[in-house]
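Report on one structure; see the data block that follows.
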Number of protein chains: 2
Amino acid sequence: MKMNEGVEWALHSCVNLCFIPGEAVTAKRLAAFYDLPAAYLNKQLQALAKAGILSSTSGPKGGFQLARRPDKITLLDVVIAIDGADDAFRCTEILHAGPGADPKADYRKTCLVSQAMRKAELTYRRELASQTIADIVAQVESTYPDSADNTRHWFANLKS
Amino acid sequence: MKMNEGVEWALHSCVNLCFIPGEAVTAKRLAAFYDLPAAYLNKQLQALAKAGILSSTSGPKGGFQLARRPDKITLLDVVIAIDGADDAFRCTEILHAGPGADPKADYRKTCLVSQAMRKAELTYRRELASQTIADIVAQVESTYPDSADNTRHWFANLKS
DNA sequence: GGCCCGGTACTCGGATACTAAATGTCCGAGTGCGGAAGG
DNA sequence: CCTTCCGCACTCGGACATTTAGTATCCGAGTACCGGGCC
């Protein structure tokens, strides 16, 4: 069980975009901030844009910005945009191959093993959905106010 | 985020082993029950044995059996044995590359994004740890008593 | 007849291929800006 | 001097390699049983 690494980048990028409201930021600059491969980060940002989390603009003065208020973007939204909506535990309905199986049964719902795993994943997703980008930003502001200021200045000026 | 498919097999196999107490069952027979590739299932069972969940015996009349009581085997134990203990979300501490970073800081603990993700995973693991193989077996017994009997007979007799 | 011993068949165990997916890179389509030309 | 138009530089967007991890298979090490030989 390994989550796409782009999720980390996407979350941090969303947080950083919160510090630069109303302005399009290019993938290159977001990548330079953490010294990430720009082209690959761009790909992740595209996924966020396709999911309606970011809005993108082409051409000079183009870039990405949040498509909606940070308190309307949950961590689950970002995870699903980058990593897909599929459950980690995939019930392949092996019971179908077992003796005395009902060919028309939907074991994804009736199999108790599947139910137990699904139940756990549900709590996971519920927890992710309960936290928003705005929450993270607020925590950063209160816990590391200097860091927040530094980030703002870095993106405001061209140099670090 | 995709979990190893062997987890499903391992869980079902553990449940089935509960129906055959005190007897070693070969990987081949466990695989035949669901028409799975025997060699690959064997590999998963080895992982369970290495984790101390199953005990293995070589030679004729050999096979696998539960190494401890089913109510002492949590779903988390099985997941970790097959899929590894690493968190799905891997904090690569990209903050280290950011401006104004503290080289000696452990961002896996201080990074708020990492904390938020870890918090969600913790609830997931807690939920998995709260359910045992014995719970699943008990649910099967009460919900599908016929299925439980069928399984017992299938393993008792050589034919289905 | 009973005991011992070797061969055999069967099991797990780990080393070895194969396949899919994540990771990383590259080039093309589209767009706004800047400058030059003309009025 | 102001307006218009063209070329350019910069951006996202998706198609294309590369590397890693998951999937699957195979053969060797070990062990209990079974049969024959010996006492």
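Here is how names work: the chains are called A, B, and so on, in the same order as the sequence lines, proteins then strands, and each is numbered from 1.
In this structure, B/Leu30 places its CG atom 12 Å from P of C/dT11, rounding to the nearest Å. The distance from atom CZ of A/Arg29 to atom P of D/dC10 is 14 Å, rounded to the nearest whole Å. In this structure, A/Ile82 atom CD1 and C/dA22 atom P are separated by 12 Å, rounded to whole Å. When the P atom of C/dT23 is taken as reference, atom CD1 of B/Ile94 falls 14 Å away, rounded to whole Å. Here the P atom of nucleotide D/dT11 and the CD atom of A/Glu23 are 13 Å apart, to the nearest Å.
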Could you pull out all donor-acceptor pairs under 3.5 Å where a side-chain atom in residues 38-45 of chain A meets a protein atom, sequence neighbours excluded?
unit_1: A/Tyr40; atom_1: OH; unit_2: A/Gln44; atom_2: NE2; d: 3.4

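If you check every strand for non-hydrogen atoms under 4.0 Å, A/Ala27 touches sugar and phosphate atoms only.
Ion pairing of B/Arg90 with A/Glu5 is absent here, as no side-chain N (NZ or NE/NH1/NH2) approaches a carboxylate O to less than 4.0 Å.
Rounding to the nearest 0.5 Å places CG of A/Asp77 at 11.5 Å from CD1 of A/Ile82. In this structure, CE on A/Met117 lies 9.5 Å from CD on B/Glu8, to the nearest 0.5 angstrom.
Note on B/Lys61: every side-chain N or O is 4.0 Å or more away from OP1 and OP2 of C/dA9. The phosphate of C/dT11 (OP1 or OP2) has no side-chain N or O of B/Ser56 nearer than 4.0 angstrom.
Put simply, the side chain of A/Ser114 never gets that close to the backbone of A/Cys91: no donor and acceptor are under 3.5 Å apart.
Where A/Ser58 and B/Lys50 each meet DNA chain C at their nearest nucleotide, the meeting point lying more 5' is that of B/Lys50.
In this model, a donor atom of one side chain and an acceptor atom of the other lie less than 3.5 Å apart for A/Asp135 and A/Thr132.
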Subject >> Footprint string (nucleotides 21-27 of chain D, 5' to 3'): B base within contact, S backbone only, - free, heavy atoms under 4.0 Å >> reply: SSBBBB-

